[in-house]
Asks: 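Before I ask anything, let me first share the structure, which is written out below as structure tokens.
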Amino acid sequence: MPFKLYDGPTDRHHCVEILEGSSAISMEKLGSNATGVRRYNERLILATIRRRGETSKTDLSRLTGLSPQATVRIVDSLAADGMLIKSGKRLGGMGQPSILYRIDGSNGYTIGAEIGRDRLHCIMLDFDGAIIAKESWDIDFPDPLGASQTIRAFTEQNTHRLSASQRENFLGFGIAMPWFIGEWREEAGIKAEQAEAWSAADVEGVFRDQLSGQVYFENDGNAGALAELMCGAGLSLNNFLYVHIGNFVGGGLILGGEIVRGKNGNAGALASMSVPVGGGVDYLLHTASLYPVNAKRNGQPVPQDIWDAACVNSLAFTIINVNSLLDLEAVILGGVLPVSHLEQLRHQITERIKENAPRDFFHPQLLEGENGASAPARGAGLIPLYATYSPNLTALFNSGSSTASPASGQ
């Protein structure tokens with residue numbers, strides 16, 4: 001796969017980063033210069049406010065470990081730059097009421113896109129991660145040029161929704177897609193030449209040529225997990241597995257409040273998980289993906305009740321094994337299914353886990369995602385935001401340009 005991965009930590013508000021208890025980084029310990037430390041501390045303040053929604057300077061000093069004087073300087077500077085605005089006052093205790101600050105969503109915007117085997121979903125987010133516009137197209141199978149042109153057209157058609165200040169601060173495009181989008185051709189019903197278009201060496205270049213701005217690429221399962229971590233059911237969680245039930249099942253793994261990508265960026269790739277079927281072994285792709293229900297297989301679609309039973313059994317098996325290894329706080333179920341159907345599956349999977357789990361098994365919470373079918377696209381739109389403004393150690397050593405790069409992690 002030719003795509004490079006952004007490899008940095010996460011922030012959120014509604015979108016947040018797990019930063020409570022973090023402390024200021026020692027310049028002596030890291031051998032960094034003062035400019036790098038200042039940039040890091042600015043990102044630390046922003047990420048903490050994203051987690052809290054709105055926060056006072058006193059609380060920011062306590063939560064980040066920065067001195068009260070440094071916190072005041074940074075907050076005032078960020079407010080002067082338009083990144084923070086006063087959101088109100090909090091009364092209580094002795095003395096003056098505390099002024100609360102929040103992220104100013106009108107300070108910029110991003111574009112996210114999910115490129116799937118059966119659809120293209122685009123989304124526009126403000127600086128605070130809130131949705132400004134979104135649109136989805138059902139397609140048989142995308143090609144790189146057509147997908148990039150559609151993303152560009154979506155951007156141009158929705159810029160009228162932006163304020164003048166937002167237009168001036170475009171943070172970039174996030175593209176979420178299966179790393180191996182051309183694989184499983186038989187299941188996807190695509191031709192060899194369609195698949196080969198995505199394995200060409202210049203695929204990245206096609207998107208960069210068509211899109212005016214920084215472009216980031218991410219696995220669609222990771223992007224969905226990121227959306228739930230930053231803007232959904234994972235808001236208060238540090239460790240969870242995200243399961244996206246779509247035409248092809250996918251997933252992402254969050255540990256320590258960050259996406260776990262693995263050596264090849266393919267950690268959490270649930271589709272290739274082995275599950276028992278009858279007297280043999282199959283892949284989760286074949287038992288928890290929706291394509292057998294949506295498309296004809298051997299001239300006949302799989303009945304919904306038969307699919308539900310296979311999905312419940314295989315996901316319960318997968319969750320028991322994953323949690324036995326990782327001891328997670330939760331598993332979040334998301335995807336394109338109606339809320340009522342997803343709730344039915346969640347209940348059945350919970351009961352099946354209770355029946356089959358070993359006696360020493362710690363049961364994780366089984367939660368429903370809050371972003372639905374939009375999760376991968378929203379997560380893609382969040383990538384440029386946290387790539388540019390999240391606190392990461394690279395920021396300490398790079399006091400030059402702050403332009404984000406998927407290769408550098410900046």
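When reading the values below, keep in mind they use all heavy atoms of this one structure, side chains included, and skip hydrogens, waters and symmetry mates.
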Asks: To the nearest 0.5 Å, how far apart are CG in L241 and CD in E228?
Replies: 12.0 Å

Asks: I need the N158 CG to I123 CD1 distance, nearest 0.5 Å.
Replies: 11.0 Å

Asks: Any side-chain heavy-atom pair from R261 and N219 closer than 4.5 angstrom?
Replies: no

Asks: Heavy atoms, side chains only, cut-off 4.5 Å: are L253 and L328 in contact?
Replies: yes

Asks: Is any side-chain heavy atom of I349 closer than 4.5 Å to one of V331?
Replies: no

Asks: Picking from H121, E114, E218, what satisfies side chain to side chain contact (heavy atoms under 4.5 Å, CB included) with P376?
Replies: E114

Asks: In this structure, is the centre-to-centre distance between the rings of F207 and F217 below 6.0 Å?
Replies: yes

Asks: Please determine, by modelled atom types, if T58 and S56 share a side-chain donor-acceptor pair under 3.5 angstrom.
Replies: no

Asks: Using every non-hydrogen atom in the two residues, find where R117 and P178 come nearest and quote the distance to one decimal.
Replies: NH1-CG, 3.6 Å

Asks: If you look at every heavy atom in L171 and P384, which pair is closest and at what distance?
Replies: O-CB, 3.5 Å

Asks: Let me confirm one number: the CG-NE2 distance from L342 to H347, rounded to the nearest 0.5 Å.
Replies: 13.5 Å

Asks: Kindly indicate whether the side chain of I259, heavy atoms from C-beta on, has any atom under 4.5 Å from the side chain of I254.
Replies: yes

Asks: What's the spacing between Q166 CD and T110 OG1 if we round to 0.5 Å?
Replies: 10.5 Å

Asks: Just wondering, do L84 and N107 contact through their side chains at under 4.5 Å, heavy atoms?
Replies: no

Asks: Angle class for the Y291/F248 ring planes (parallel below 30°, perpendicular above 60°, tilted otherwise)?
Replies: tilted

Asks: Please report the interatomic distance CZ(R152) to OG1(T150), rounded to the nearest 0.5 Å.
Replies: 9.5 Å

Asks: List the atom of G129, the atom of C231, and the distance in Å for their closest heavy-atom pair.
Replies: O-SG, 4.5 Å

Asks: Would you say that L337 contacts L290 through its side chain, given a criterion of any heavy-atom pair below 4.5 Å between the two side chains?
Replies: yes

Asks: Ion pair present between R102 and D128, side-chain N to carboxylate O less than 4.0 angstrom?
Replies: no

Asks: Please verify the inter-ring angle class for F173 with F170; under 30° counts as parallel, over 60° as perpendicular, anything in between as tilted.
Replies: perpendicular

Asks: Please test L367 against L237 for side-chain contact (heavy atoms from CB on, under 4.5 Å), starting from the C-alpha separation and ending with a verdict.
Replies: CA-CA 11 Å; L367 306 174; L237 301 172; 4.0 Å; yes

Asks: Taking ring pair (Phe, Tyr, Trp, His ring centres under 6.0 Å) as the definition, give me every residue that meets it alongside Y101, ordered by chain and number, with sequence neighbours left out.
Replies: none

Asks: What's the spacing between D327 CG and F361 CZ if we round to 0.5 Å?
Replies: 8.5 Å

Asks: Is a side-chain donor or acceptor of R90 paired with a backbone partner of L100 at a separation under 3.5 angstrom?
Replies: no

Asks: Verify side-chain contact (heavy atoms from CB on, under 4.5 Å) between L125 and L385, making sure each step is shown before the conclusion.
Replies: CA-CA 9 Å; L125 304 179; L385 196 155; over 6 Å; no

Asks: F127 ring centre to R50 NZ or CZ under 6.0 Å, with the angle to the axis within 45°?
Replies: yes

Asks: Would you check if the side chain of E329 reaches a backbone N or O of N238 as a donor-acceptor pair within less than 3.5 Å?
Replies: yes

Asks: Distance-only criterion, 3.5 Å: show the donor-acceptor pairs between side-chain atoms of residues 306-316 and protein atoms not counting sequence neighbours.
Replies:
{"residue": "W307", "atom": "NE1", "partner": "S289", "partner atom": "O", "Å": "2.6"}
{"residue": "D308", "atom": "OD1", "partner": "Q304", "partner atom": "NE2", "Å": "3.0"}
{"residue": "D308", "atom": "OD1", "partner": "H341", "partner atom": "NE2", "Å": "3.1"}
{"residue": "D308", "atom": "OD2", "partner": "H341", "partner atom": "NE2", "Å": "3.3"}
{"residue": "N313", "atom": "OD1", "partner": "R352", "partner atom": "NH1", "Å": "2.1"}
{"residue": "N313", "atom": "ND2", "partner": "A309", "partner atom": "O", "Å": "3.2"}
{"residue": "S314", "atom": "OG", "partner": "T287", "partner atom": "OG1", "Å": "3.0"}
{"residue": "S314", "atom": "OG", "partner": "A310", "partner atom": "O", "Å": "2.8"}
{"residue": "S314", "atom": "OG", "partner": "C311", "partner atom": "O", "Å": "3.2"}

Asks: Are I111 and M124 side-chain neighbours, meaning at least one heavy-atom pair lies under 4.5 Å?
Replies: yes

Asks: Between N321 and M273, is there a side-chain heavy-atom distance shorter than 4.5 Å?
Replies: no

Asks: Is a side-chain donor or acceptor of T55 paired with a backbone partner of L60 at a separation under 3.5 angstrom?
Replies: no

Asks: When you measure from the side chain of D104 to the backbone of M83, do you find a donor-acceptor pair of N or O atoms at a distance under 3.5 Å?
Replies: no

